[in-house]
Amino acid sequence: MRVDPSGHLAELAARGLLPEDHQAVYLAGSLVRGWGNSGSDLDVYVVSTAQRTAPSTALAPVALTPDHVPVEVVHVDGVRWDIEYWTDSQVDQMFAKVSWEEFDTNHSVADLLTSHEMDFLERLGSAVSVTGESWLAGRRTQLESSAIRSILVSRALNLSDLFVEDAVGQLKAGDVESAVLSAKLAFGYAVNALHVSCGEFGHSAKWRARRFRQVEQTIMPFEEYWTIETMRGYDPANPAAWVEDVVLACRRISMEVVI
């Protein structure tokens, strides 16, 4: 299921949801990528020079100035639109966080990004412009030349390694159930690192299989990934063996993925 962007600008204007100083309006998320279904929401991004001051459905907190993003929720032809209003200055601030200069001095820079900021940056690459194509194209170029890929790969690998060590320690202590859960978490982060290293951004676990099929890589075939993801090889009589196999898979990915 894909979205046709025509008509969205007029719909926003008719509902009084289009600021006069807008620089760009674009659509993003699962519906735009063709991954959505009849119950999926449409993510709409509106970027302006000044922050929207009209009363909003919600205010999403961000670590920027201004420190929030107004959000409107409307339903159009049975589809929920989540409309986020960002300023161009806020976007500049986000890109400053993911610069190479910042990454070179702080490899934990990803922790400076809130979930809304992370979603914003991740969705730029697959967004569909409604208006302001030059703005979107410029920001995409900026994203490609930033350190975002290295930042997210480094973060995912670090988290994977932490959970691998947890799993190994828990096995030694005889806490097998906790080791299984730690191994699952470690594997998820390792696969996320693999995807990002190939240019497929995204941190939501529900789209991990979709992202896996999008990337071209030789580190792990899809069937091996899916076998581990679905715990197909897990034997309740010998859970430690499954944990050990997953730990090896995580370490292999960590050794081969380039930050």
Side-chain angles (χ1 to χ4, degrees), residues 23-24 26-30 32-33 35 43-47 60-69 82 84-129 132-162 188-208 210-217 219 253-259:
Q23 294 174 281
Y26 61 90
L27 313 178
S30 59
V32 170
R33 299 203 67 173
W35 294 358
D43 298 304
V44 182
Y45 287 83
V46 180
V47 182
V62 291
L64 306 166
T65 302
D67 63 359
H68 61 273
V69 173
D82 290 331
E84 296 188 9
Y85 292 88
W86 295 75
T87 68
D88 196 45
S89 173
Q90 286 176 318
V91 180
D92 285 338
Q93 293 170 58
M94 279 189 288
F95 275 108
K97 290 184 183 184
V98 297
S99 67
W100 283 105
E101 292 79 8
E102 188 70 33
F103 179 64
D104 288 340
T105 58
N106 179 14
H107 282 198
S108 298
V109 67
D111 296 335
L112 302 177
L113 297 167
T114 67
S115 60
H116 272 80
E117 293 171 54
M118 193 80 76
D119 286 341
F120 184 100
L121 293 172
E122 289 176 350
R123 290 171 177 168
L124 273 178
S126 57
V128 173
S129 176
E133 290 185 9
S134 61
W135 184 95
L136 183 58
R139 291 301 189 177
R140 279 179 173 159
T141 299
Q142 195 173 359
L143 185 70
E144 291 170 2
S145 62
S146 74
I148 186 66
R149 184 179 303 191
S150 294
I151 289 169
L152 295 182
V153 170
S154 177
R155 180 178 185 272
L157 289 180
N158 286 339
L159 288 170
S160 179
D161 289 345
L162 285 173
Y189 283 116
V191 172
N192 285 351
L194 174 59
H195 294 165
V196 177
S197 72
C198 298
E200 183 61 42
F201 301 108
H203 60 273
S204 176
K206 69 180 180 180
W207 299 120
R208 193 173 289 140
R210 283 275 200 170
R211 293 197 301 270
F212 208 106
R213 290 197 181 278
Q214 291 291 119
V215 302
E216 293 184 7
Q217 49 82 33
I219 295 175
I253 292 174
S254 294
M255 289 178 62
E256 297 191 40
V257 163
V258 177
I259 295 178

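As the structure is a prediction and not an experimental result, all values here were calculated from the model.
In this structure, M255 CE and I253 CD1 are separated by 12.5 Å, a value rounded to the nearest 0.5 Å. The distance from the CD1 atom of I259 to the OG atom of S197 is 10.0 Å, given to the nearest 0.5 Å. Distance NE2/H195 to CG/L152: 13.5 Å, rounded to 0.5 Å. S154 OG to R149 CZ: the interatomic distance, rounded to the nearest 0.5 Å, is 14.5 Å. With values rounded to the nearest 0.5 angstrom, R33 atom CZ is found 14.5 Å from L27 atom CG. Rounding to the nearest 0.5 Å gives a distance of 11.0 Å between CZ of R208 and NE2 of H203.
Taking every heavy atom of both residues into account, A63 and T114 meet most closely at N-CG2, 3.5 Å. Nearest approach of Q90 to T65, heavy atoms of both residues: CG-O, 3.8 Å. Between V32 and V128, the closest heavy-atom pair is CG1-CG2, 3.3 Å. Taking both residues in full, the closest heavy atoms of F103 and A147 are given as CB-CB, 3.9 Å, listed atom of the first, atom of the second, then distance. Minimum interatomic distance between C198 and Q217 (heavy atoms only, all atoms of both residues): SG-CB, 3.8 Å. Contact between L143 and L121 at its shortest, heavy atoms only, is CD2-O, 3.6 Å.
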Take W86 and L64 through the side-chain contact (heavy atoms from CB on, under 4.5 Å) test and state the conclusion after the steps. CA-CA 11 Å; W86 295 75; L64 306 166; 3.9 Å; yes
Before giving the answer on side-chain hydrogen bond (donor to acceptor under 3.5 Å, both in side chains), spell out for T105 and E101 the whole-Å C-alpha distance, their side-chain angles and the decisive distance to 0.1 Å. CA-CA 7 Å; T105 58; E101 292 79 8; over 6 Å; no
What do the steps show when you test T87 against V47 for side-chain contact (heavy atoms from CB on, under 4.5 Å), and what is the final call? CA-CA 5 Å; T87 68; V47 182; over 6 Å; no
Before giving the answer on side-chain contact (heavy atoms from CB on, under 4.5 Å), spell out for W100 and S146 the whole-Å C-alpha distance, their side-chain angles and the decisive distance to 0.1 Å. CA-CA 6 Å; W100 283 105; S146 74; 5.6 Å; no
What verdict does the side-chain hydrogen bond (donor to acceptor under 3.5 Å, both in side chains) test give for N192 and R211, after you've listed the backbone C-alpha separation in whole Å, the side-chain angles of each residue and the deciding distance to 0.1 Å? CA-CA 9 Å; N192 285 351; R211 293 197 301 270; 3.1 Å; yes
Checking Y189 against L162 for the side-chain contact (heavy atoms from CB on, under 4.5 Å) test, could you report, in this order, the C-alpha distance in whole Å, the side-chain angles of both residues, the deciding distance, and whether it holds? CA-CA 10 Å; Y189 283 116; L162 285 173; over 6 Å; no
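Taking 4.0 Å as the cut-off between side-chain N and carboxylate O, E117 and K97 count as a salt-bridged pair. Using a 4.0 Å cut-off between charged nitrogen and carboxylate oxygen, R139 and E133 do not count as a salt-bridge pair.
In terms of modelled atom types and a separation under 3.5 Å, the side chain of R140 and the main chain of L124 share a donor-acceptor contact. Looking only at distances, no side-chain donor or acceptor of S160 sits under 3.5 Å from a matching main-chain atom of L157. R123 contributes no side-chain N or O that, together with a main-chain N or O of G202, makes up a donor-acceptor pair within less than 3.5 Å. Although no hydrogens or angles enter the test, the distance criterion places no donor-acceptor pair under 3.5 Å between the side chain of E102 and the main chain of F95. Listed for the W35 side chain is no donor-acceptor partner under 3.5 Å among the backbone atoms of G29. Listed for the E122 side chain is no donor-acceptor partner under 3.5 Å among the backbone atoms of D119. At least one donor-acceptor pair under 3.5 Å links the side chain of S145 to the backbone N or O of Q142.
No side-chain heavy atom of Y45 sits under 4.5 Å from any side-chain heavy atom of D82. Looking at S254 and D161, their side chains come closer than 4.5 Å, going by heavy atoms from C-beta outward. Between L112 and V98 the shortest side-chain heavy-atom distance does not fall below 4.5 Å.
Ring geometry, Y26 versus F120: the interplanar angle exceeds 60°, so the pair is classed perpendicular (tilted spans 30 to 60°).
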